[in-house]
Amino acid sequence: MTAFDHAERRIWSGKAEAYARTYARLCAHPAAALLDAAEAGPGSRVLDVGCGSGTVSAAAVARGATVYAADAEPGMAEATRLAVPGIAAAHIARLPELPYADDTFDAAVGNFVLNHVGRPREALAELRRVTRPGGRVAITIWRSPGASGQTLIPRAAQAAGLTRPDWLPALAPEDDFPRTPEGLAALLAAAGLLDAECSEVTWEHRCDPDTWWAGAEQGIGAIGQVLHSGGAEGLAAARQAYDGLSAEFRTPDGLLALPHAALPAAGTA
């Protein structure tokens, strides 16, 4: 594993329940489009990698697919197994080393999982390996630069003077790629996927202000590590900044309407 992969395992260890309570609903938004791109339907064998709390797996099972799920975090794999009674299996496994034979699946999907691997091209090549020739590989990532809703908590952290901790590495330059439709499509093609296509979807995620803050405060994602880099004092300062900045997103009912942008992409194995 790369240093980035090791950091990801540290970040997400034990976070399954916190994720399910906070950001799982946000990440569920592209699930239907992801499965459409993968051509997942009755009788198809589908692999859901980075299954999280099981949203995509449940949607694929509802379509009549035979679904296998995998996640590097044991708590996530267990959460999916419990949440999706019709699932074939939920395994603890990480990209780019999956415990499946070549050409096992009709489709492989990864909802925002590519953001969390140290070698994205190799991860995509692994998804292609386990997908039969002519099958589909479909993924989503967050667009960068992010939409204003995505950057709300990072802006609050910056206002509080918080910075990325030294132990938390960025992706190595040779493994990075532009988080744009063109950049992601090129990455799929470089991994050997044919007719790679990528688009952009935008939406407003409506959420209670405390719930939106809670995910990062509980240490989810890189931003959660940034928030805690300054101790209790830094966290309090960031919350104060957040309360002020979030006013621009507040709706009359007291919720936040947070613009987000993601990139769904797919190619043929």
Side-chain angles (χ1 to χ4, degrees), residues 1-27 50 52-53 71-79 92 94 112-118 120 141-173 175-176 179 205-250 254-262:
M1 292 197 298
T2 67
F4 184 90
D5 290 311
H6 282 291
E8 285 290 317
R9 299 288 71 73
R10 175 176 172 180
I11 289 170
W12 287 98
S13 178
K15 294 297 193 299
E17 290 186 11
Y19 171 77
R21 290 193 303 267
T22 55
Y23 296 146
R25 188 167 63 85
L26 166 73
C27 295
S53 54
D71 202 290
E73 168 54 29
M76 298 289 194
E78 178 65 4
I92 301 168
R94 65 174 184 86
F112 298 113
V113 70
L114 209 66
N115 301 91
H116 303 290
V117 298
I141 65 167
W142 297 113
R143 189 195 70 189
S144 182
S148 56
Q150 294 164 242
T151 60
L152 172 57
I153 296 180
R155 286 167 56 202
Q158 184 178 32
L162 301 178
T163 58
R164 194 179 182 97
D166 292 339
W167 66 265
L168 186 60
L171 206 63
D175 293 315
D176 210 350
R179 264 62 170 183
H205 178 66
R206 293 177 64 85
C207 183
D208 176 82
D210 288 337
T211 300
W212 189 246
W213 173 261
E217 184 182 38
Q218 292 172 34
I220 292 178
I223 186 57
Q225 315 313 306
V226 173
L227 284 186
H228 287 276
S229 65
E233 183 176 340
L235 185 63
R239 177 61 199 242
Q240 184 176 10
Y242 169 80
D243 288 339
L245 291 168
S246 63
E248 66 185 273
F249 302 103
R250 288 184 186 267
L255 298 178
L256 301 180
L258 300 164
H260 278 74

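Along the sequence shown, residues are numbered consecutively beginning with 1.
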Check: Leu171 and Pro120 side chains under 4.5 Å, non-hydrogen atoms
yes

Hydrogens and angles aside, do His116 and Glu8 bring a side-chain donor and acceptor to less than 3.5 Å of each other?
yes

Scanning both residues in full, the closest heavy-atom pair of Ala261 with Trp142 reads O-CE3, 3.6 Å

With side-chain hydrogen bond (donor to acceptor under 3.5 Å, both in side chains) as the rule and sequence neighbours excluded, what pairs involving residues 219-245 come up?
Asp210-Arg239, Arg239-Asp243

So which heavy atom on Leu162 is nearest to which on Ala238, and how close?
CD1-CB, 4.0 Å

Distance-minimising heavy-atom pair for Ile141 and Asn115
CA-OD1, 3.6 Å

What heavy-atom pair brings Pro169 and Arg164 nearest, and what distance separates the two atoms?
O-NH2, 3.1 Å

Separation between OG1 (Thr22) and CD (Glu217), nearest 0.5 Å, reads 11.0 Å

Taking the side chain as everything from C-beta on, heavy atoms only, tell me whether Val113 gets closer than 4.5 Å to Asp71.
no

Within the distance-only criterion (no hydrogens, no angle test), does the side chain of Thr2 pair as donor or acceptor with the backbone N or O of Asp5 below 3.5 angstrom?
yes

Can you say whether the rings of Trp212 and His205 are parallel (under 30°), tilted (30 to 60°) or perpendicular (over 60°)?
tilted

Side-chain heavy-atom pair Leu152, Ser246 within 4.5 angstrom cut-off:
yes

To the nearest 0.5 Å, how far apart are CZ in Arg206 and CG in Leu26?
14.5 Å

Could you walk me through whether Arg250 and Leu256 satisfy the side chain to side chain contact (heavy atoms under 4.5 Å, CB included) test, starting with their C-alpha distance in whole Å, then the side-chain angles of each, then the deciding distance to 0.1 Å, before giving a yes or no?
CA-CA 5 Å; Arg250 288 184 186 267; Leu256 301 180; 3.6 Å; yes

Indicate the atoms forming the closest heavy-atom contact of Ile153 with Ala216, along with that distance.
CD1-CB, 4.0 Å

Step by step, work out the side chain to side chain contact (heavy atoms under 4.5 Å, CB included) result for Glu17 and Arg21.
CA-CA 6 Å; Glu17 290 186 11; Arg21 290 193 303 267; 3.7 Å; yes

Is there side-chain contact between Arg143 and His260, with heavy atoms separated by less than 4.5 Å?
no

To the nearest 0.5 Å, tell me how far Thr211 OG1 sits from Arg25 CZ.
8.5 Å

Partners meeting salt bridge (Lys or Arg N to Asp or Glu O under 4.0 Å) with Glu248 (sequence neighbours left out)
Arg155

Can you find a heavy atom in the side chain of Glu73 that is under 4.5 Å from one in the side chain of Tyr19?
no

Flag side-chain contact, heavy atom, 4.5 Å: Val226 against Pro154
no

Assess the residue pair Leu168 and Ile11 against the criterion (side chain to side chain contact (heavy atoms under 4.5 Å, CB included)); give the C-alpha distance rounded to whole Å, side-chain angles, the decisive distance to 0.1 Å, and a yes or no.
CA-CA 9 Å; Leu168 186 60; Ile11 289 170; 3.4 Å; yes

When you look at Trp213 and Leu227, which way does the side chain to side chain contact (heavy atoms under 4.5 Å, CB included) test go after all the steps?
CA-CA 10 Å; Trp213 173 261; Leu227 284 186; 3.9 Å; yes

Between CE of Met76 and CD1 of Ile92, what distance do you get to the nearest 0.5 Å?
12.5 Å

Rounded to the nearest 0.5 Å, what's the gap from CG on Leu245 to OG on Ser148? Could you check?
11.5 Å

Nearest heavy-atom pair of Pro259 and Ala147: which atoms, and what distance?
O-CB, 3.4 Å

